[in-house]
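Inspection log for the structure reproduced underneath, given as structure tokens.
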Amino acid sequence: QVQLVESGGGLVQAGGSLRLSCAASGRTFSRLHLGWFRQAPGKEREFVAAVSWSVGTTSYADSVKGRFTISRDNAKNTLYLQMNSLNAEDTAVYYCAADARVYRSVVAGTPQYWGQGTQVTVSS
């Protein structure tokens, strides 16, 4: 089992920045494929970004490319999502996800493990 705990959400003005964190425990963190998803009110959960356990492989949704950056610190067992140039459409609950088997499972939205989520609200 993997436990994922998100933090860093909050209220920010449009154009501002936030950094989300996801602390993981329960498995060897460096061998986990990781990702971020979000769910806005009345909408389905959608993929935001992913990073493989091997250095160098990342994926982003078109809507966040150039604004969001996913990264991981294997020494701290923590996943990050740096979000810049936020707008009202980024308002959502953000979820951390992990998979110990296949990277594409994270990108496809079917990871083994999910966090509980953290709220991000962007005021316009």
Side-chain angles (χ1 to χ4, degrees):
Q1 287 292 326
V2 173
Q3 292 75 45
L4 303 170
V5 180
E6 302 95 335
S7 62
L11 176 65
V12 63
Q13 289 188 334
S17 299
L18 276 177
R19 188 177 79 158
L20 303 182
S21 300
C22 173
S25 61
R27 292 284 294 266
T28 302
F29 182 83
S30 61
R31 298 304 295 258
L32 291 174
H33 304 294
L34 301 165
W36 289 98
F37 290 75
R38 66 187 182 186
Q39 187 168 20
K43 295 187 177 181
E44 294 187 354
R45 186 154 50 187
E46 65 176 1
F47 170 76
V48 174
V51 58
S52 71
W53 68 264
S54 60
V55 176
T57 301
T58 57
S59 304
Y60 291 92
D62 288 343
S63 59
V64 306
K65 280 181 182 177
R67 300 189 299 124
F68 291 11
T69 302
I70 189 170
S71 62
R72 62 191 298 160
D73 186 335
N74 290 340
K76 295 183 178 180
N77 289 357
T78 303
L79 174 71
Y80 301 101
L81 184 68
Q82 178 65 44
M83 305 186 294
N84 299 328
S85 301
L86 287 161
N87 57 60
E89 288 69 40
D90 296 316
T91 294
V93 177
Y94 283 71
Y95 297 91
C96 177
D99 197 291
R101 304 161 303 178
V102 182
Y103 179 67
R104 63 176 179 266
S105 293
V106 177
V107 178
T110 57
Q112 291 175 285
Y113 309 103
W114 291 98
Q116 293 300 305
T118 186
Q119 176 70 47
V120 172
T121 303
V122 184
S123 62
S124 57

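Atom CG in N77 sits 9.5 Å away from atom CZ in R72 (nearest 0.5 Å). Between atom CG of residue L34 and atom OG1 of residue T58 there is a gap of 12.5 Å, rounded to the nearest 0.5 Å. Put simply, OG on S71 and CG on L79 are 7.0 Å apart, with the number rounded to the nearest 0.5 Å.
Applying the 4.5 Å side-chain rule to ILVMFWY residues, one finds that V5 remains a lone member of its cluster. L11 belongs to no hydrophobic cluster, as no Ile, Leu, Val, Met, Phe, Trp or Tyr side chain comes under 4.5 Å of its own.
Listed by first and then second residue, the salt bridge (charged side-chain N to carboxylate O under 4.0 Å, His left out) pairs involving residues 16-26 amount to none (not counting sequence neighbours). The side-chain hydrogen bond (donor to acceptor under 3.5 Å, both in side chains) pairs that include a residue from residues 23-33 are Q3-S25, where partners are two or more places apart or lie in different chains. Note on residues 58-91: no pairs pass disulfide bond (SG atoms under 2.5 Å apart), not counting sequence neighbours. Among residues at least two apart or in separate chains, side-chain hydrogen bond (donor to acceptor under 3.5 Å, both in side chains) pairs with a member in residues 94-103 are R38-Y94, S59-Y103, D99-R101. Sorted by first and then second residue, the pairs that involve residues 104-124 and meet ring-ring contact (aromatic ring centres under 6.0 Å, His included), not counting sequence neighbours, are F37-W114.
Closest heavy-atom contact between A97 and P111: CB-CG, 3.5 Å. A pairwise comparison of heavy atoms in A98 and V2 identifies CB-CG1, 4.5 Å as the closest pair. For the residue pair G8 and L18, the shortest heavy atom distance occurs at O-CD2, 3.8 Å.
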Kindly list each side-chain donor-acceptor pair under 3.5 angstrom involving residues 117-124, sequence neighbours excluded, with atom names and distances?
| from | atom 1 | to | atom 2 | distance (Å) |
| --- | --- | --- | --- | --- |
| T118 | OG1 | G9 | N | 3.3 |
| Q119 | NE2 | A92 | O | 3.4 |
| Q119 | NE2 | T121 | OG1 | 3.3 |

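With sequence neighbours left out, K65 forms a salt bridge (charged side-chain N to carboxylate O under 4.0 Å, His left out) with D62. Every side chain to side chain donor-acceptor pair (under 3.5 Å) that R67 has, sequence neighbours left out, goes to D90. Looking at residues two or more places apart in sequence or on another chain, you find no salt bridge (charged side-chain N to carboxylate O under 4.0 Å, His left out) involving R45. Partners of Q82 by side chain to side chain donor-acceptor pair (under 3.5 Å), not counting sequence neighbours, listed by chain and number: N84.
Remark: side-chain polar atoms of Q112 are paired, donor with acceptor, to backbone N or O of A100 under 3.5 angstrom. For W36 (side chain) and Y80 (main-chain N/O), a donor-acceptor pair under 3.5 Å exists by modelled atom type.
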| request: Kindly indicate, with the supporting measurements, whether the criterion side chain to side chain contact (heavy atoms under 4.5 Å, CB included) is fulfilled by E6 and L20. | output: CA-CA 7 Å; E6 302 95 335; L20 303 182; over 6 Å; no

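Following chains of ILVMFWY side-chain contacts shorter than 4.5 Å, one cannot reach V64 starting from V107, and the two form parts of different hydrophobic clusters. Note on V93: it clusters hydrophobically with F47, by side-chain heavy-atom contacts below 4.5 Å among ILVMFWY residues. Note: the hydrophobic cluster containing I70 also contains L32 (ILVMFWY, side chain heavy atoms under 4.5 Å, direct or indirect links).
Side-chain atoms of Y60 and V51, non-hydrogen and from C-beta on, never get closer than 4.5 Å to each other.
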